[in-house]
Amino acid sequence: MALITRGVDLILRLVITIAFTVLVACVVWQVVSRYVLQSPSTVTDEMARFLFIWVALLGGAYTLGQRRHLAIDLLPVITTGALRRLVNCAIIAAIAFFAGVVMIYGGLDLVSRTLETQQVSPALRLPMGLIYIAIPFSGICMLYYCLTFLVDLFREGRGPNDQQTTTVGGPLD
Amino acid sequence: MDIQSVLVLFGTFALLMILGVPIAYAIGLAAFATFLLFMSFDQSVYIVAQQVASGLDSFTLLAIPFFILAGNIMNRGGIAMRLIEFAKVLGGRLPGALAHCNVLANMMFGSISGSAVASAAAVGGVMAPLQRKEGYNPAFSAAVNIASCPTGLLIPPSATFIVYSLITNGTSVAALFVAGYVPGILMGLSLMVVAGIIAKRRGYPVADRPSFQEVIDKTLAAMLPLGLIVIVMGGIIGGVFTATEASAIAVVYTLFLALIVYREVTWRDLPSIILESAVTTSIVLLMIGCSIAMSKAMAFADIPYSISDLLLGLSENPLVLLLIINLALLVVGTFMDMTPALLIFTPIFLPVVKDLGMDPVHFGVVMTFNLCIGICTPPVGSALFVGCSVGGVKIGEVLRPMLGFYAVLVALLLVVTYVPELSLFLPRLLLGYGG
Amino acid sequence: KTLRLNHNNPEDHPLHKSMEFMAERVEDLTGGDLKIRIYANAQLGTQRESMELMQNGALDMARSNASELEAFEESYGALNLPYIFVNADHYYDVLSGDIGADILAASEDKGFIGVAYYIEGARSFYANKPIHSPADLAGMKIRVQPSPSAIRMVELLGANPTPIAWGELYSALQQGVVDGAENNPMALTSARHGEVSKFYSDDGHTMIPSVVMISSKTWGELSDAHKEALRTAARESMDFHREQWDAMSAAAVETAKSELGVEFIEVEKGPFIEAVLPMHEEAAQKSPVVADLIKRIKAAAE
Ligand code: NA
Ligand code: NA
């Protein structure tokens with residue numbers, strides 16, 4: 001299991017880092033094409049927006065796996081023993097419900113409908129279904145991390161909000 | 001009013017949040033539960049899934065990861081040190097020189113990094129030992145650092161304003177940025193006044209007059225990092241590029257500084273800096289996607305109108321209503337982080353204040369200012385936590401010296417609320433803003 | 001039953017007023033049985049999101065325009081072609097006649113059907129210098145909507161298409177990030193573009209209508225009487241909208257001339273038509289459905 005987790009982490013890290021780098025390049029190119037080349041690119045805007053959706057959703061899954069999400073960690077801290085385990089199980093169940101039902105089930109519905117009706121993006125003419133695949137994909141990763149949380153909880157008693165390194169505050173604070 | 005949907009939305013959210021469910025997921029599930037009142041199960045999951053992804057489909061929003069990346073590249077280097085030295089030049093001759101220096105450095109560093117927490121850590125981390133050596137009360141020093149670190153959220157560029165622009169369907173980012181200047185700088189200056197009075201009473205020392213050469217050297221050293229603000233804000237105000245493009249240029253500029261000028265970052269460090277920036281952003285982005293779903297659920301349920309009716313039932317006097325909204329936000333700010341509070345309460349209060357004739361840019365400034373106070377207050381206050389930790393003082397100790405600062409911040413909040421010109425004068429002047 | 005209708009205009013926009021007119025008529029015709037609740041300012045989502053929500057019935061109705069709709073239903077592409085309509089009457093006859101009805105009905109299997117077209121006038125170029133012919137456009141940076149046909153059209157006319165968000169266009173024109181844009185004359189006054197662009201060249205290249213749609217799922221659940229009432233109300237609101245729009249458009253031209261000092265330039269359309277004519281051929285080749293529509297639209301002009 002540890003090996004699979006490392007693999008999932010690695011894939012997410014690679015995709016996120018590469019997509020983010022391309023993202024920066026896209027927007028810089030947009031400025032360069034307008035001012036230096038005098039012939040503005042018509043696709044960078046859309047490309048950047050779609051890459052960004054992928055970075056955000058895969059990044060969301062990755063941060064969950066790293067336990068870097070923001071949560072009010074009150075009940076899991078003040079409770080002990082079986083009650084604490086129950087609270088942590090409920091938290092994992094809520095995340096898993098969101099990942100499995102909203103992201104995977106709802107996301108796949110969205111993907112299949114947009115593919116079926118052959119909806120394309122305005123500038124790149126990409127099927128919108130391709131862009132939306134990020135939703136169920138992210139959902140699958142989230143669901144997998146929920147599984148590891150469950151294992152950690154029963155093996156080491158470690159809850160989903162127990163971070164290795166405690167960071168305070170939202171990143172925008 | 002339809003009380004059922006209000007109860008379902010906030011009940012689900014509160015329940016899940018208290019349980020300890022990560023906030024993004026709690027928001028998404030609350031949205032889902034609310035949609036269930038209006039449509040089938042399949043339609044509800046469909047709309048939430050769509051909004052989580054599609055809510056992020058915004059070119060404006062791209063500016064957030066870029067500014068965070070630029071900030072992360074900068075934080076690796078000795079930027080904080082250079083800005084602190086420059087701040088000493090600026091504020092050194094005032095009573096309680098180091099306190100003023102701390103505020104000024106927070107204003108400059110916060111402006112560049114756009115993060116109150118990063119600023120409190122970087123600037124406070126350097127200033128706390130210095131102040132201790134000169135006999136400053138550690139709790140006082142920490143309080144100065146905590147109260148002044150949020151100035152960078154108002155002084156542009158600021159990711160907070162980008163989030164606000166998104167959640168309000170595209171309020172001009174440029175106008176919000178420019179509108180933040182006066183309130184942000186006033187916030188810093190008013191804190192300096194209070195700190196100065198306390199320092200004078202306690203006889204904290206004035207710094208030695210620096211030599212002319214020192215002044216020149218330190219000013220020049222600070223110019224390169226501060227050049228970022230000139231490029232970004234100059235470009236935006238001049239209409240040369242959009243906020244998003246400016247943020248990408250900021251990345252290029254900081255890379256140039258860090259890799260070539262200062263050589264404090266190597267090419268090999270870059271992948272990890274990029275990943276860290278993406279991760280930091282993603283924590284917020286998932287929350288934003290879910291909040292967009294929630295704001296749609298609120299619109300379906302007419303919740304903003306219900307709350308608006310409720311508030312208008314309390315009073316019809318705009319002055320009173322704005323006071324109520326500010327008080328509500330101050331309460332929210334005590335126990336909620338800034339971003340979720342902004343994401344959840346903007347769609348509720350904006351329609352109300354628009355009815356009162358308030359400009360959305362002005363309200364963005366008021367909202368941000370208000371929540372800036374929130375991150376300095378217990379029980380949940382990121383600036384408070386970080387400030388205490390780098391200052392080496394307990395939260396209980398810092399609250400007493402904080403009281404004076406809270407008072408001046410709340411007073412200034414009311415001034416910013418009731419004098420729209422403070423926020424809107426500059427955007428009107430520089431951007432021809434029509435609001 | 002109350003239907004939710006989402007659109008992205010503010011509440012004082014003529015399009016919103018026409019939709020309100022439709023909602024009132026539906027309520028009258030059904031004795032209050034069927035209501036339409038209108039959500040302005042994209043409260044329930046963007047145009048694209050609305051389309052996707054209508055596809056599974058999460059949203060009942062939405063307003064979008066033919067330019068955006070091309071991504072969902074190719075038939076709308078025929079309406080977006082430059083110079084496909086010879087004049088305003090030809091345009092309105094096509095929309096309100098069989099051809100228009102066929103396009104509205106074409107998307108039923110895509111999850112939505114159209115109920116009404118609202119005209120938005122003819123779009124023309126405006127810039128900081130007069131444009132008399134395609135030669136004047138050479139090398140100019142012209143802001144376009146991010147649609148392939150708009151981009152192709154501007155390219156064929158020799159200019160550089162530049163996608164810029166609508167909200168940033170004013171300052172982009174002011175600072176010279178772009179040299180010009182293209183829209184109907186209302187943009188000069190409502191978006192204050194007349195303050196920064198002083199020449200409006202009346203080339204009238206495209207006439208792109210707004211479309212009000214209903215989810216196929218919702219439509220299937222309506223009784224025949226309600227369907228009939230909605231159809232009638234929608235049709236009446238089209239005429240109401242046309243009258244309203246023409247009056248406001250004429251007023252906008254007057255204001256732009258007298259208060260903003262915009263110069264309106266009559267242009268010889270021949271060279272423009274010639275330059276973009278390949279688009280009709282290209283569109284016809286790509287899709288037999290569009291080819292047929294183009295033929296019918298052109299036949300209707302004679
Ligand atoms: Na800032
Ligand atoms: Na707080």
Side-chain angles (χ1 to χ4, degrees), chain A residues 13 16-17 19-21 23-24 27-28 30-31 35 45 48-50 52-53 55-60 62-64 66 68-76 87-88 90-91 94-95 97-99 101-103 105-107 109-110 113 131-132 134-136 159-161 168-173, chain B residues 16-26 28-29 32 42 45-46 48-50 52-53 56-59 61-62 65-66 68-69 115-117 159-160 163 241 244-245 248-249 251-252 271 274-275 277-287 289 337-340 375 380 382-383 385-386:
Chain A
R13 268 207 300 273
I16 294 167
T17 311
F20 197 66
T21 311
L23 199 55
V24 179
V27 181
V28 172
Q30 176 159 320
V31 180
Y35 285 103
D45 175 291
R49 283 189 287 119
F50 291 161
F52 179 65
I53 291 178
V55 170
L57 292 180
L58 297 193
Y62 181 73
T63 51
L64 180 73
Q66 302 293 306
R68 300 254 319 251
H69 50 261
L70 292 184
I72 296 196
D73 206 19
L74 180 70
L75 269 191
V87 168
N88 277 321
I91 295 173
I95 303 173
F97 181 85
F98 186 83
V101 177
V102 175
M103 303 284 282
Y105 179 71
D109 190 11
L110 181 65
R113 264 175 218 275
I131 289 118
Y132 284 140
I135 309 169
N161 296 341
V168 258
L172 301 189
D173 289 357
Chain B
L16 292 173
M17 213 172 62
I18 292 169
L19 186 66
V21 174
I23 295 173
Y25 300 81
L29 289 170
F32 164 71
D42 279 15
V45 289
Y46 182 89
V48 177
Q50 181 212 41
V52 167
L56 299 169
D57 182 8
S58 149
F59 193 69
L61 203 54
L62 277 168
F66 293 169
I68 287 184
L69 176 59
S115 162
V117 171
T160 314
V163 174
F241 33 63
T244 306
E245 290 168 351
I249 300 296
V251 171
V252 175
I274 289 174
L275 180 70
S277 307
V279 165
T280 314
T281 331
S282 298
I283 301 171
V284 180
L285 292 180
L286 191 64
M287 202 166 9
D337 276 328
M338 187 151 193
T339 316
I375 62 174
V380 179
S382 47
F385 296 161
V386 172

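Here the structure is a predicted model, which is why all the values come from computation and not from measurement.
- Heavy-atom pairs under 4.5 Å with chain A peak, among V48(B), L286(B), I274(B), at I274(B).
- At a 4.5 Å heavy-atom cutoff, the contact between F98(A) and chain B is made by backbone and side-chain atoms alike.
- The greatest number of non-hydrogen atom pairs below 4.5 Å with chain A, out of A53(B), P340(B), G28(B), is found for A53(B).
- Contacts with chain B were tallied for L23(A), T21(A), V28(A); L23(A) has the most, counting heavy-atom pairs under 4.5 Å.
- Contacts between L69(B) and chain A at a heavy-atom distance below 4.5 Å involve the side chain alone, from C-beta outward.
- Nearest heavy atom pair, residue G60(A) against residue S282(B), reads N-CB, 3.6 Å.
- For a residue to count as touching a neighbouring chain, one of its non-hydrogen atoms must lie under 4.5 Å from one of that chain's; by this rule N161(A) touches chain B with the side chain only.
- For the pair T17(A) (side chain) and P271(B) (backbone), a donor-acceptor distance under 3.5 Å is absent.
- Highest contact tally toward chain B, considering only L74(A), V24(A), V55(A), is held by V24(A) [criterion: heavy-atom pairs under 4.5 Å].
- With sequence neighbours excluded, the residues that form a side chain to side chain contact (heavy atoms under 4.5 Å, CB included) with I249(B) are V31(A), I231(B), F241(B).
- Note that CD1 of I68(B) and OG1 of T281(B) are 4.0 Å apart. Values are rounded to the nearest 0.5 Å.
- Interface residue V252(B): only side-chain heavy atoms are found under 4.5 Å from chain A.
- Both the backbone and the side chain of L56(B) come within contact range of chain A, with heavy atoms under 4.5 Å apart.
- Chain B forms more heavy-atom pairs under 4.5 Å with one residue of I131(A), T63(A), L58(A), I16(A) than with any other, namely T63(A).
- Across every non-hydrogen atom of L75(A) and V87(A), the tightest pair is CB-CG1, 4.1 Å.
- Contact count against chain A (heavy-atom pairs under 4.5 Å) is highest for D42(B) among T244(B), D42(B), V52(B).
- The minimum heavy-atom distance between F20(A) and S277(B), with the atom names listed, is CE2-CB, 4.3 Å.
- If you take CD1 on I135(A) and OH on Y105(A), they are separated by 15.0 Å, rounding to the nearest 0.5 Å.
- The contact between V21(B) and chain A is made by backbone and side chain atoms together, counting heavy-atom distances below 4.5 Å.
- Across every non-hydrogen atom of P76(A) and N88(A), the tightest pair is CB-OD1, 3.9 Å.
- Residue contact with chain B, scored on non-hydrogen atoms closer than 4.5 Å, is absent for A134(A).
- Here D57(B) contributes atom CG and F52(A) contributes atom CZ; the two are 9.5 Å apart, rounded to the nearest 0.5 Å.
- The CG atom of D109(A) lies 11.0 Å from the CD atom of Q50(B); values are rounded to the nearest 0.5 Å.
- Counting heavy-atom pairs closer than 4.5 Å to chain A, the top residue among G289(B), A278(B), P65(B) is P65(B).
- With a 4.5 Å cut-off on non-hydrogen atoms, F59(B) touches chain A through its backbone and its side chain both.
- Per-residue heavy-atom pair counts under 4.5 Å with chain B were compared for R13(A), Q30(A), R49(A), and the maximum is reached by R49(A).
- In plain terms, the two heavy atoms of M338(B) and I375(B) that are nearest each other are CB-CG2, 4.0 Å.
- The choice from V251(B), L285(B), L62(B) that makes the most heavy-atom pairs within less than 4.5 Å of chain A is L62(B).
- Counting heavy-atom pairs closer than 4.5 Å to chain A, the top-ranked of the candidates S58(B), A24(B), A26(B) is S58(B).
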